[in-house]
Amino acid sequence: MAVSTTPGVRTRHRPARRTAIAGVALADCGRSSPHQGPTPYALHAQAARRALADSGLDRSVIDGFGSAGLGTLAPVEVAEYLGLRPRWVDSTSVGGATWEVMAAHAADAIAAGHANAVLLVYGSTARADIRAGRRTAGLALGNRGPLQFEAPYGHTLIAKYAMAARRHMHRYGTTPEQLAAVAVQARAHAARNPDAMFRTPLTVDDVLGAPMIADPFTKLHCCIRSDGGCAVLLVAEEYLADSARAPVWILGTGEYVSHAAMSEWEDFTVSPAAVSGRLAFERAGLSPAEMDLAAIYDAFTYMTLVTLEDLGFCAKGEGGAFVEQGRIGPDGELPVNTDGGGLSACHPGMRGLFLLVEAVRQLRGEAGPHQARGRDGGVPRLAVASATGGWFCSSATVVLGHD
């Protein structure tokens with residue numbers, strides 16, 4: 001971050017070579033046919049083609065590529081399928097935060113001149129694979145290494161999030177109704193989004209009355225399972241003259257890794273976004289109060305609540321009160337997950353890239369029926385995308401905006 005000559009005033013750090021997001025796109029999301037639907041590779045290709053078309057740039061400009069989660073040699077196999085031969089590549093895999101980490105790495109590479117245009121792409125048929133019996137809904141991500149010492153005690157993925165939520169409830173008095181309000185407002189956003197998988201409005205009672213999965217989470221506290229994919233094209237600023245879209249700039253980024261074993265997590269009520277968010281805002285020279293909207297990884301309702309606290313939108317322990325009055329809904333002061341999020345719109349797996357797609361569309365004013373308003377009543381100008389990986393193991397935050 002640049003140093004201001006005025007004490008207490010931050011100024012935005014501007015690298016010598018800035019990075020903008022020039023193209024974003026979704027692949028077909030929702031419910032694919034278990035036996036006749038597209039493959040994950042096909043979803044990657046569909047999203048990549050659409051993002052490139054959105055940018056108006058020629059595919060020949062792409063010299064950097066990021067991919068994770070598919071293939072034995074994830075970026076190599078997918079790049080080959082797409083007909084790309086990148087000179088810069090990233091296969092970082094830290095769960096849902098993967099894509100914000102890759103965006104940060106790509107911006108650094110572009111600033112250093114190691115790449116000019118970096119394509120990030122993701123696709124998954126998680127729902128179709130389960131319905132076809134090609135995979136099961138695993139209870140845990142693995143039980144090797146340090147995880148072997150916790151697996152015998154029932155530490156499934158959802159149980160870890162539920163345990164963290166219970167700790168927040170115990171310490172700060174957060175209620176099941178406040179957590180449910182997160183799901184209700186996510187569904188309110190989804191109701192305005194034609195591409196969302198679930199659009200029927202919810203009430204707090206609906207959420208609380210759904211089947212219990214892992215106390216305090218009922219089914220409607222948990223993300224949906226869908227198929228789908230998306231892509232984001234990041235470019236150096238000199239490429240924008242040929243782009244079809246107004247740029248959305250990467251203004252600041254932050255990354256942080258907290259723990260793998262739950263026994264090594266010092267405080268279940270503090271997520272790694274407390275560090276990644278602070279770094280991103282500092283590097284952007286901006287504050288949470290200046291954001292028009294937020295895109296937050298929401299595999300479970302607690303993730304939204306605690307991330308809002310840790311990004312600085314409210315004080316620690318006040319997340320429950322912050323979300324219960326509609327503040328993060330379509331007409332709230334801070335619209336959160338304007339597409340409906342992982343709780344209602346789509347969740348094919350590592351959802352972090354979808355956060356960037358939605359934030360960019362909102363900042364362009366291209367979100368259609370679910371377009372949010374900025375603080376001045378116009379098109380939003382600033383947004384933050386913050387993703388979580390594993391069970392709060394990692395976090396990456398990206399601040400986006402116009403000049």
Side-chain angles (χ1 to χ4, degrees), residues 68-69 92-104 120 122 124 140-141 147 155-168 179 182-183 186 214 217 221-225 230 253-262 264-281 288 294-314 316 319 323 328 336-337 339-343 345-359 383-399:
T92 299
S93 185
V94 289
T98 289
W99 308 102
E100 280 69 20
V101 171
M102 285 189 184
L120 308 181
Y122 177 67
S124 168
L141 295 183
L147 300 182
H155 283 70
T156 61
L157 176 64
I158 187 171
K160 294 176 181 182
Y161 281 102
M163 187 163 56
R166 269 293 171 197
R167 183 60 182 171
H168 198 281
L179 291 171
V182 174
F217 297 147
H221 283 98
C222 307
C223 66
I224 62 177
R225 185 182 292 274
C230 61
T253 65
E255 309 160 45
Y256 185 66
V257 171
S258 174
H259 62 277
M262 293 290 283
E264 297 301 307
W265 189 3
E266 295 180 359
D267 188 340
F268 286 8
T269 69
V270 179
S271 79
V275 177
S276 72
R278 175 178 55 79
L279 292 173
F281 284 125
I296 293 175
Y297 205 104
D298 61 341
F300 306 100
T301 52
Y302 176 60
M303 296 174 73
T304 302
L305 185 149
V306 76
T307 303
L308 285 167
E309 293 180 347
D310 293 332
L311 291 178
F313 289 108
C314 59
K316 178 53 62 180
V323 303
I328 63 174
V336 173
N337 295 338
D339 62 344
L343 292 170
C346 70
H347 199 301
M350 296 188 293
R351 187 182 144 77
L353 196 58
F354 289 84
L355 308 185
L356 295 175
V357 172
E358 177 62 16
V384 59
S386 188
T388 304
W391 36 96
F392 290 111
C393 303
S394 63
S395 174
T397 302
V398 178
V399 178

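The first residue in the sequence is number 1, and the count goes up from there.
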Backbone N or O of Ala396 within a donor-acceptor pair of the Glu255 side chain at under 3.5 Å? no
Step-by-step ring-ring contact (aromatic ring centres under 6.0 Å, His included) determination, His347 to Tyr297: CA-CA 10 Å; His347 199 301; Tyr297 205 104; 5.5 Å; yes
Any side-chain heavy atom of Ser271 within less than 4.5 Å of one from Glu309? no
Side-chain heavy-atom pair Leu179, His221 within 4.5 angstrom cut-off: yes
Give the intermediate values and the outcome of side chain to side chain contact (heavy atoms under 4.5 Å, CB included) for residues Thr388 and Ser394. CA-CA 6 Å; Thr388 304; Ser394 63; over 6 Å; no
Give a yes or no answer on whether the side chain of Asn337 reaches the backbone of Ile296 with a donor-acceptor pair at less than 3.5 Å. yes
Take Phe281 and Val399 through the side chain to side chain contact (heavy atoms under 4.5 Å, CB included) test and state the conclusion after the steps. CA-CA 7 Å; Phe281 284 125; Val399 178; 3.8 Å; yes
Spacing of OG1 belonging to Thr98 relative to CG belonging to Leu353, to within rounding of 0.5 Å: 10.0 Å
Measure across Leu355 and Ser386 and return the closest heavy-atom pair with its distance rounded to 0.1 Å. CD1-O, 3.6 Å
Measure the shortest side-chain to side-chain distance between Thr253 and Leu279 over non-hydrogen atoms and say whether it is less than 4.5 angstrom. no
Report the distance from atom OG of Ser276 to atom CG of Leu311, rounding to the nearest 0.5 Å. 6.5 Å
Mark yes or no for whether Thr307, through its side chain, and Thr304, through its backbone, hold a donor-acceptor pair below 3.5 Å. no
Looking only at heavy atoms, what is the nearest atom pair of Gly390 and Leu157, with distance? O-CD1, 4.0 Å
Looking only at heavy atoms, which two atoms of Ala260 and Leu147 are closest? And how far apart? O-CD2, 4.0 Å
Using atom types as modelled and distance alone, determine if a side-chain donor or acceptor of Lys316 lies under 3.5 Å from a backbone N or O of Thr269. yes
Would you mind reporting whether His168 and Leu305 have side-chain heavy atoms less than 4.5 Å apart? yes
So, do Val384 and Val398 sit near enough that their side-chain heavy atoms are less than 4.5 Å apart? no
Which atoms form the tightest heavy-atom contact between Met350 and Ser93, and what is the distance? SD-OG, 4.4 Å
Could you label the plane-to-plane angle of the Tyr161 and Phe300 rings as parallel, tilted or perpendicular, counting under 30° as parallel and over 60° as perpendicular? tilted
Where do Cys393 and Pro272 come nearest, in terms of heavy atoms and distance? C-CG, 4.3 Å
For a quick test of reading the model, state the closest non-hydrogen atom pair linking Ile224 to Leu343 and the distance between them. CG2-O, 3.4 Å
Is the distance between the ring centroids of Phe392 and Trp265 less than 6.0 Å? yes
So, the side chain of Asp298 versus the backbone of Gly342: is there a donor-acceptor pair under 3.5 Å, distance only? yes
Spacing of Glu264 atom CD and Ser258 atom OG [to the nearest 0.5 Å]: 10.0 Å
When rounded to the nearest 0.5 angstrom, what is the spacing between CG in Leu356 and CE in Met102? 11.5 Å
Is the closest side-chain heavy-atom distance between Val357 and Cys230 below 4.5 Å? yes
Take Arg166 and Phe268 through the test side chain to side chain contact (heavy atoms under 4.5 Å, CB included) and record every step on the way to the result. CA-CA 9 Å; Arg166 269 293 171 197; Phe268 286 8; over 6 Å; no
Between Tyr302 and Phe217, is the ring centre distance below 6.0 Å? no
